[in-house]
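Reading through the structure tokens given below for one structure.
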Amino acid sequence: MNWFPHRSAAWRLGWAALALAILLCAAGCQRTSQQQPADQAPELAAELTVDPTPPRVGPATLLVRLSDASGAPVEGAGISLKGDMSHAGMAPVLAETSGGAGGLYQATWHWSMAGDWFVTVTATLADGRTLVRRFDLTVAGS
Ligand SMILES: [Cu+2]
């Protein structure tokens, strides 16, 4: 089928590329606009430490420290990490943490691109509640 019989092949290709770009953007925007569960543990503190720091493209270790209002470590949580970039159309970076002793949880990570990122920390606590925090950071080129 020829939708544009009077137009050049390049013109049609241009429109096809535009349509593809819109599709990809829509997919990316949908992904990033997905509803995060609400933070059910606002009294707890979550800290994110990134090694190397300042972050740069390549392998990294992410460390999450959970503590309660008195500063005591929160152990026994299951924590997943999701890294999104501020622009649409990119698959998120995902990781599960291990550890938890002393309230310290770590994950192996990979920064896939330089630019502005936000990392969403979602922790399922031992008491069944969900803690959600977001951290913004900028990753430098390698
Ligand atoms: Cu990107």
Side-chain angles (χ1 to χ4, degrees), residues 1-4 6-69 71-142:
M1 161 165 77
N2 192 344
W3 290 348
F4 309 108
H6 307 298
R7 303 291 185 161
S8 71
W11 188 87
R12 288 199 299 271
L13 191 65
W15 274 105
L18 182 66
L20 185 66
I22 290 169
L23 268 175
L24 287 175
C25 180
C29 295
Q30 200 173 17
R31 207 161 31 229
T32 47
S33 69
Q34 264 173 11
Q35 287 293 313
Q36 296 292 342
D39 185 5
Q40 299 167 338
E43 85 282 9
L44 300 185
E47 259 177 77
L48 178 70
T49 308
V50 176
D51 181 36
T53 193
R56 59 173 182 267
V57 170
T61 302
L62 267 54
L63 190 71
V64 178
R65 179 193 294 269
L66 285 188
S67 52
D68 68 14
V74 174
E75 301 183 335
I79 302 182
S80 57
L81 304 172
K82 182 159 85 80
D84 288 291
M85 289 195 76
S86 51
H87 67 87
M90 231 178 110
V93 175
L94 303 170
E96 299 292 321
T97 63
S98 59
L104 290 172
Y105 303 79
Q106 61 194 38
T108 303
W109 192 256
H110 189 94
W111 299 114
S112 53
M113 193 185 204
D116 292 330
W117 286 77
F118 55 97
V119 175
T120 305
V121 173
T122 304
T124 302
L125 304 172
D127 64 11
R129 291 183 301 162
T130 302
L131 170 148
V132 183
R133 299 294 155 82
R134 180 181 144 160
F135 300 88
D136 295 347
L137 39 90
T138 302
V139 175
S142 54

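Indexing begins at 1, ligand by ligand and atom by atom, following the structure's order.
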Under 2.8 Å from the Cu ion (ligand 1), how many protein N, O or S atoms can be found?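 Near the Cu ion (ligand 1), the number of protein N, O or S atoms below 2.8 Å is 4.
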Got a sec, which pairs hit salt bridge (charged side-chain N to carboxylate O under 4.0 Å, His left out) with one end in residues 103-127, sequence neighbours left out? Asp127-Arg129
Qualifying residue for side chain to side chain contact (heavy atoms under 4.5 Å, CB included) with Leu62, from Leu81, Thr97, Ile79: Leu81
Would you check if [X] and [Y] make a side-chain contact, meaning some heavy-atom pair closer than 4.5 Å?
X      : Y      : result
Leu66  : Leu125 : yes
Val139 : Met113 : no
Leu104 : Arg65  : yes
Val119 : Val50  : no

